[in-house]
Amino acid sequence: MTLQIGFVGTGGFTKFHCNLLAKMDGVQVRAFCATSQEKADRLAAEWDGATGYDSIHRMLDETSLDAVYICVPPMAHGEVERALIERGIPFFVEKPVGLDLELPTSILQAVQEKKLITSVGYHFRYMESTQRALAALADRTIGMGLGYWMGGMPRVAWWRKQDGSGGQFIEQTTHIVDLMRYVMGEAIEVYAAYGSRLMHTMEEGVTTPDVGTVTIKLASGAVATISNTCMLPVGGPTGLHLYTDQGIMELTSGGLKDTGKTTVCEYKNQNNPYVRAHEAFLHAVRTGDTSGILSSYEDAVKSQAIAVAALQSAEQGIPVRLG
């Protein structure tokens with residue numbers, strides 16, 4: 001069975017995912033939807049048999065699709081998801097799932113009512129190192145986690161606007177928030193401090209903070225701090241350090257470093273976690289077996305809730321309770 005796949009969005013991540021799908025058997029990219037017909041046609045021309053559309057509704061009317069990938073900025077969610085839910089078409093959506101919590105919550109309700117297959121692009125969950133860390137943590141007690149996403153400001157206009165991206169913690173650092181949830185458990189309270197130190201003086205139209213630190217209380221009793229900045233002149237480190245009764249575990253996109261009392265074990269990831277995420281989603285579309293999907297829409301909304309609570313806390317200067 002060859003799956004017919006559509007894409008919404010024509011940016012870098014759409015092309016990235018398309019290139020991965022092109023190497024997989026039984027998958028054909030058939031349609032692209034963009035904010036203009038010109039943009040959609042331009043990308044469709046790069047893929048044999050693909051057609052461009054400037055409307056999600058027209059794309060779904062004129063093309064029979066088995067699944068759709070949604071790769072749009074945070075402020076562009078809503079209409080696309082609702083159109084797919086209405087027609088019962090499974091979707092894979094890139095993080096984050098929105099600017100706020102209200103829209104994702106309403107979409108989640110519709111997804112659950114339809115029992116629709118969904119997957120969200122939290123690829124850190126699919127790293128071999130993350131799975132190794134989970135196995136090792138089974139007999140350890142985590143005291144605290146320290147997460148970080150340090151880098152520069154992406155060169156796209158919508159990212160630097162608060163009403164476009166939601167800010168770095170919602171748009172980017174959400175990966176570390178989700179990784180923290182996956183290995184440490186659910187959060188119950190968030191307290192955040194954000195600042196605008198530099199980027200608003202260097203780039204036009206910047207309304208997002210460029211530094212931030214978020215302290216999180218977890219249901220287990222553990223605590224975590226996740227910090228980020230987008231003011232560096234070059235890319236910086238990203239990852240999550242776990243401090244346990246048996247030592248320190250360092251999870252990054254490259255692998256896992258596990259430092260104990262007398263030993264240091266290092267593991268480098270061998271496989272592409274994005275590919276694993278695609279394989280799990282497409283297997284579910286083919287068979288209905290969703291057991292391989294590590295981040296459903298329902299689960300992703302929980303990560304979104306933490307990031308939104310952090311923004312609220314930073315704006316109000318008080319802790320925000322979750323749930």
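In this chain, residues are counted from 1 in sequence order.
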Single hit among Leu84, Asp66, Val285 for side-chain contact (heavy atoms from CB on, under 4.5 Å) with Ile89: Leu84

Derivation of the salt bridge (charged side-chain N to carboxylate O under 4.0 Å, His left out) call for Lys114 and Glu86: CA-CA 8 Å; Lys114 203 83 169 187; Glu86 182 180 348; over 6 Å; no

Pair His278 + Tyr126: ring centers closer than 6.0 Å: no

Stepwise side chain to side chain contact (heavy atoms under 4.5 Å, CB included) test for Asp299 and Arg181: CA-CA 10 Å; Asp299 195 272; Arg181 280 190 55 243; 3.0 Å; yes

Residues Arg125 and Ser295: side-chain donor-acceptor under 3.5 angstrom: no

Worked verdict on Asn269 versus Ser129 for side chain to side chain donor-acceptor pair (under 3.5 Å): CA-CA 6 Å; Asn269 290 321; Ser129 54; 3.0 Å; yes

Arg132 charged N/C atom sitting above Tyr267 aromatic ring, 6.0 Å / 45°: yes

Check: Thr118 and Ile293 side chains under 4.5 Å, non-hydrogen atoms: no

Flag if over 12 foreign heavy atoms under 6.0 Å of CZ, Arg197: no

Parallel, tilted or perpendicular: rings of Phe32 and Phe7 (30°, 60°): parallel

Heavy-atom side-chain contact between Glu38 and Arg42 under 4.5 Å: yes

Pairwise distance CD(Glu81) to CG(Leu108) - rounded to 0.5 angstrom: 12.0 Å

From CA spacing to verdict: side chain to side chain contact (heavy atoms under 4.5 Å, CB included), Thr207, His200: CA-CA 7 Å; Thr207 59; His200 66 290; over 6 Å; no

Check: Arg58/Gln37 side-chain N/O donor and acceptor closer than 3.5 Å: yes

Heavy-atom side-chain contact between Leu99 and Ile170 under 4.5 Å: no

Ile248 vs Leu242 side-chain heavy atoms within contact, under 4.5 Å: no

Distance-only donor-acceptor check, side chains Asn228 and Gln172, under 3.5 Å: no

Parallel, tilted or perpendicular: ring planes of Phe13 versus Tyr274, cut at 30 and 60 degrees: tilted

Audit row: Ile306, Leu322, side chain to side chain contact (heavy atoms under 4.5 Å, CB included) steps and yes/no: CA-CA 7 Å; Ile306 296 173; Leu322 295 165; 3.9 Å; yes

Exercise: do Thr35 and Lys39 side chains pair donor with acceptor under 3.5 Å: yes

Side chain to side chain contact (heavy atoms under 4.5 Å, CB included) between Leu251 and Thr130, intermediate numbers included: CA-CA 7 Å; Leu251 263 173; Thr130 301; 4.0 Å; yes

Nearest-0.5 Å distance, OH of residue Tyr148 to OG1 of residue Thr238: 7.0 Å

Sole candidate of Met231, Gln168, Met150 that passes side-chain contact (heavy atoms from CB on, under 4.5 Å) when paired with Val211: Met231

Side chains of Ile5 and Val68 in contact at under 4.5 Å (non-hydrogen atoms): no

Between CE on residue Met249 and NE2 on residue His241, distance to nearest 0.5 Å: 11.5 Å

Close side-chain approach of Val214 and Phe169, heavy atoms under 4.5 Å: yes

Check: Thr63/Tyr53 side-chain N/O donor and acceptor closer than 3.5 Å: yes

Mutual orientation of the aromatic rings belonging to His17 and Tyr69 [parallel < 30°, tilted 30-60°, perpendicular > 60°]: tilted

NZ on Lys23 to CG on Asn272, rounded to 0.5 Å: 8.5 Å

Distance in Å, Arg160 CZ paired with Asp210 CG, rounded so as to fall on 0.5 Å steps: 12.0 Å

Of Arg87, Glu79, Glu62, the residue whose pairing with His57 passes side-chain hydrogen bond (donor to acceptor under 3.5 Å, both in side chains): Glu79

pair His77-Leu103: side-chain heavy atoms closer than 4.5 Å: yes

Heavy-atom side-chain proximity of Cys33 to Asp54 below 4.5 angstrom: no

Under 3.5 Å: donor-acceptor pair, side chain of Lys95, backbone of Glu171: yes

From CG (Asp163) to OG1 (Thr208), nearest 0.5 Å: 10.5 Å

